[in-house]
Amino acid sequence: MEYEPIIGLEVHAQLLTKSKIFCGCSTQFGVEPNSHTCPVCMGMPGVLPVLNKKVVEYTMKMALATHCRINEVCNFARKNYFYPDLPKGYQISQYASPLAEHGYVDIELNGGRKKIGITRIHMEEDAGKLLHDEHTPSSYVDMNRTGVPLIEIVSEPDMRSAEEATAYLKRLHEILVYLEICDGNMEEGSFRCDANVSIRLKGETAFGTRTELKNMNSFRNVQRALEYEIRRQEYLLASGGEVVQETKLWDDAQGATYSMRGKEEAHDYRYFPDPDLVPVVIDGRWIEEVRETLPELPLEKRERFIQEYQIPPYDAGVLTSSRVLADYFEEVAKLSGKPKAASNWIMGEILRFLNEEKRDITSCPILPQSLSELIQLIEDGTISGKMAKDIFEDMYTTGKGPQQIIEEKGLVQITDEEILKKAIEEVLAANPVQAEQYRGGKEKIFGYFVGQVMKVTRGKANPALVNDLLKKMLAGS
Amino acid sequence: MELNQLTIHELHELITKREVSSTQIVQSVFKRIETVEKDIHSYVTLMKERAFAAAADADKRIREGDITPMTGIPVALKDVLCTKGIRTTCGSRILHNYIPPYDATVVEKLKAAGAVFTGKVNMDEFAMGSSTETSCFGITRNPWDLKRIPGGSSGGSAAAVAADECIASLGSDTGGSIRQPAALCGVVGMKPTYGRVSRFGLVAFASSLDQIGPFTKDVEDCAIMMNVIAGYDSRDSTSVPLDVPDYTAFLSRGIDGWTVGIPREYFIEGIDPEVMEAMKSTIAVIEGLGAKCVEISLPHTGYCLAVYYIIAPAEASSNLARYDGVKYGFRAGDGRDLLEMYKKTRSAGFGAEVKRRIMIGTYALSSGYYDAYYKKASQVRGLIKGDFEKAFTQCDVILTPTSPTPAFTIGEKMDDPLQMYLSDIFTISANLAGIPGISVPCGFTRRGLPIGAQFLAGHFEEGKLIQMASAYEKNANLEKRRPNL
């Protein structure tokens, strides 16, 4: 019997607005606990929420980027539950009427494309953070995060494997970061994901009982947790058991999922429209205004790169993985006029150097202008490819331009035939035996002479020219 | 006459003429408080020191010629309005020690106008009640008969004005909590249109129904207070950005040619005969002023109480969730874990009526019941609102009794919540429809208990209410009485 997994994801993304969703407090992280709070986000008696318009606009951007329909009127609702990190005893969220519905994103997998439906995107406020004292039975609440704006993106149950789910998640992540509305940091929790998983026999149309997975804070963990849970459910069904509807936590260290709460313990959130907030009305003009601010999105950019720069799809994929990297590539490609060379340098040297230091392109010490100069110097034969690699390393560590390094180190390639002839003569004179062997038919030894010439010229000889001259001179001219 | 017995406008005139100072007025008020407070118990927290400091400030402003109609006037605040640095309890054990870090918008506005706060006045716990018997600080008595309740939930606000323990006060009205105690204590009380006065800093009971409004000794004072507290506030998303007229301009316009609607559904069995009699005299006075009284119908009136007792508790169950012992207020200290701390705190922190409403509201919002209760109630609420919209195409204002009975005796309805709920039967509809209402004194029973008449108008027509009530007040020739304390 072959089973088919059914996966739907709920993604929470923290929005990069300067202030919180319902008050003027800063959303900045890493500050003294409870320093970015006010009576409103602390849920003091008598306070009222006032919606931050930027939150609506950011959510609209995501809605437009994922082909959603934006509702003309949407409402906020209260989600009621007790927890110490929730100062009002309810979270302001959206329920019956979210901001946007009925969208999709395309994912690419094994060369093919698949549409993953988006059920809804809604706005809500984040909760605070509990800090537990290890030495005393005390817990503390930090409310700096309380009221930080979130969007929840709910997918249709359209994914049929852990790979598809991960590809979808990466696509959402990429779009959010491209839109510059979320920093996408999974470890710090600004991009979080819960998964609903069930399996059914291939060919069945009804869904099986699902479990909800939480606590997966990296793409890798999402994939591992889903794979584990799918195997667990398959084993259960295959051995005559049943899947129980429950919420499960992924344990990274153990590589397994554990039950957090069952169906009976499921919360009744008693949603109802929040009477403190008025309906959000979004007209066509506002939608168009926001649409005009949308940047080129990753998939469109990828296709344009393939067309415009004639680079392979794989290269285009890597280069468009972030907006800054794509911009960097485009600048080098345009300045140098050599897109493929630009792509090779960026994907090879630049990313390797940056990765080693766990930096990203925004802190690359080599400016696009410098890299394009380096590419041109190779193209016009001023330096060899090998020299270029050394110069690159210097550029990376010192931040200097290639010309400066070449001048400082006297690294210009020797293309003067007279100088090269002299060097070859020197080499041939020093290796009479080998020269004889070559002339006797042992042509393999040619490489040895090239190496020797390079050695004498300290690697500065133009290799093509050396080859040429060497052949002629060995032939006895 | 003592200064504390005068109205805002009378005192303002004396202040303007430099005949009295704010300090003298405040002295007179606190002298009165010392004399009668043991009998009435209007106040939960007195602000004597601050009041004298504020009076000194006001006197300085007066000397500098910086005078508003409220400058130097002693005002009491219902203990549901947040006051920076002053305990704000809502009459509940769960907030018995809570000191807000900010002022409510109305408090800021009154402060800016130069008003002097005398203290925080008593109320039913979290404004849930019609008798001011459920406060954890004890009951407030009706100045007209100390064996009787002052009405509620703003009983302290009404009693303090009636007993001249302040010149005016603020209350809040979710289902009649300003108008009903105003009627029972023989003072003027107005519930403005929902959205007219900012709710920022009003501790929420039922957010879609709550409004802040004034208690005053006459209609002119009501207009003066409304001029200060009304208006848009960017901190309250439900406050409406509409210009506020000068309400005092409506005071002497008369009502000649007006049509006053008398809703047949409000003149029902169960109304006290003396209240009914007072209504008849009120109609006669109004007609004498050139207005025409016509019978109208508000067909969904019968559903008001039911709708109210779903929507108000539902919202309350959510609004009161924040009192969990975690951040402020009362916490029961001996819980073994979080859940037990919550349970013990809320069990001991809330009184019986508040717990009853939290449970009703929680039930009404529960999954599987939401559609049958909350959703249905919201739909019917729309019909009730529609009734009024239609009615106001036929009349300028509507007249009803404020309360079916005069003040009842202490304890009389405490064991019968349904009887208690019925005392708001004529006031609840205005909250559901969001329209303004005013209660004005319209006579006394033979035992000497005050009776109130309620006028209702369309959204943002507070001016019409003041015009109507003022015309009535000037011409009713009611006997001038004071409670015998």
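First the proteins, then the strands, lettered A, B, ... as listed; each starts at 1. What you see is a predicted model; the values in this text were computed from it and never measured.
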Under 4.5 Å heavy-atom distance to chain A, tell me which part of [X] shows up: side chain, backbone, both or neither.
X        : result
B/Phe205 : neither
B/Val203 : both
B/Asp210 : neither
B/Leu209 : neither
B/Pro101 : side chain

Atom [atom1] of [X]: over 12 foreign heavy atoms under 6.0 Å:
X        : atom1 : answer
A/Tyr95  : OH    : no
B/Gln379 : CD    : yes
A/Lys54  : NZ    : no
A/Glu188 : CD    : no

For chain A, which residues from residues 335-350 of chain B lie under 4.5 Å away (heavy-atom distances)?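 Within residues 335-350 of chain B, near chain A: B/Leu338, B/Tyr342, B/Arg346.
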
Interface residues of residues 357-366 of chain B facing chain A - non-hydrogen atoms under 4.5 Å apart: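 So the qualifying residues are B/Thr362, B/Leu365, B/Ser366.
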
Where does [X] contact chain B at under 4.5 Å (heavy atoms): side chain, backbone, both or neither?
X        : value
A/Tyr90  : side chain
A/Tyr83  : both
A/Asp276 : both

Closest heavy-atom pair and its distance - B/Tyr194, A/Pro275: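 Heavy atoms only, the tightest pair is OH-O, 3.9 Å.
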
Audit row: A/Leu48, B/Arg199, side chain to side chain contact (heavy atoms under 4.5 Å, CB included) steps and yes/no: CA-CA 8 Å; A/Leu48 296 168; B/Arg199 292 185 296 118; 3.9 Å; yes

Give, for atom CZ of A/Arg270 and atom OG of B/Ser317, the distance between the pair rounded to the nearest 0.5 Å.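 Result: 5.5 Å between the selected atoms.
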
Tell me whether [X] contacts the main-chain N or O of [Y] through its side chain, where contact means a donor paired with an acceptor under 3.5 Å.
X        : Y        : result
A/Asp268 : B/Ser367 : yes
B/Ser237 : A/Leu51  : no
B/Lys327 : A/Pro87  : yes

If the contact rule is any heavy atom under 4.5 Å from chain B, which residues of residues 277-286 of chain A qualify, in numerical order?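 The list, in residue order, reads A/Leu277, A/Val278.
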
What parts of residues 16-47 of chain A touch chain B if we use heavy atoms and a cut-off under 4.5 Å?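 If one takes a 4.5 Å heavy-atom cut-off, the residues of residues 16-47 of chain A near chain B are A/Pro39, A/Val40, A/Met42, A/Gly43, A/Met44, A/Pro45, A/Gly46, A/Val47.
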
When only pairs under 4.5 Å are counted, which of B/Tyr374, B/Tyr323, B/Tyr369, B/Phe200 shares the most heavy-atom pairs with chain A?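 Heavy-atom pairs under 4.5 Å are most numerous for B/Phe200.
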
